[in-house]
Amino acid sequence: MLVVVVAFAIAAMVLPNNTGIFGGTPPKQVELSQFEADVKKQLINTADWQQSTITGTYASSPKDKFEVNNVPEKETPAGNRILQEMDTAGVHY
C-alpha cells in the first residue's frame with residue numbers, strides 16, 4: 001500500500017510538468033520573425049538555443065513555453081544578430 005501511495009505522489013509531481021502524453025502543455029510553435037519581434041518587445045524571459053531550435057519561456061508567464069524551429073545556427077551572421085538582439089533585450093540564455 002505504501003508503494004502505491006509513493007508512486008502516486010511521484011506521478012502527481014512529475015506528470016503535470018511533462019509535455020508527454022500524460023500531462024503538461026506542449027510549447028507554443030512560434031515563427032522566427034515572431035520570436036524576434038517578441039525579443040525586441042522584451043516579452044521573452046529565457047531561451048535555450050540548440051542548433052536550429054530555440055525553446056524558452058515568456059516573461060509574463062514562465063510556465064508558458066515556446067519553440068522556434070529552423071533557426072540559423074549561432075555562429076552564422078544571422079545567428080549573431082539574433083544573439084545581439086537577445087542581449088539587448090536582457091533575455092537569459
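Heads up: numbering here begins at 1 and tracks the sequence.
Pro62 meets the side-chain contact (heavy atoms from CB on, under 4.5 Å) test with no other residue; sequence neighbours excluded. Contacts of Phe66 classified as ring-ring contact (aromatic ring centres under 6.0 Å, His included), with partners at least two apart in sequence or in another chain: Phe35, Tyr58. Remark: Ser61 engages Lys63, Asp64 in a side-chain contact (heavy atoms from CB on, under 4.5 Å) (not counting sequence neighbours).
Legend: salt bridge (Lys or Arg N to Asp or Glu O under 4.0 Å) pairs involving residues 66-77, not counting sequence neighbours: none detected.
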Using residues 37-46 as the side-chain source, report each donor-acceptor pair under 3.5 Å to any protein atom, sequence neighbours left out, with the distance given to one decimal.
from, atom 1, to, atom 2, distance (Å)
Asp38, OD1, Gln34, NE2, 2.7
Thr46, OG1, Thr57, N, 3.2
Thr46, OG1, Thr57, OG1, 2.7

Which atom pairs, donor and acceptor, lie under 3.5 Å between side-chain atoms of residues 85-93 and protein residues at least two apart or in another chain?
from, atom 1, to, atom 2, distance (Å)
Glu85, OE2, Arg81, NH1, 3.1
Asp87, OD1, Tyr93, OH, 2.7
Asp87, OD2, Tyr93, OH, 3.3
Thr88, OG1, Gln84, O, 3.0

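Proximity of Asn69 to Gln29: side-chain heavy atoms (C-beta onward) are separated by under 4.5 Å at one or more points.
Ile82 CD1 to Ile54 CD1: the interatomic distance, rounded to the nearest 0.5 Å, is 5.5 Å.
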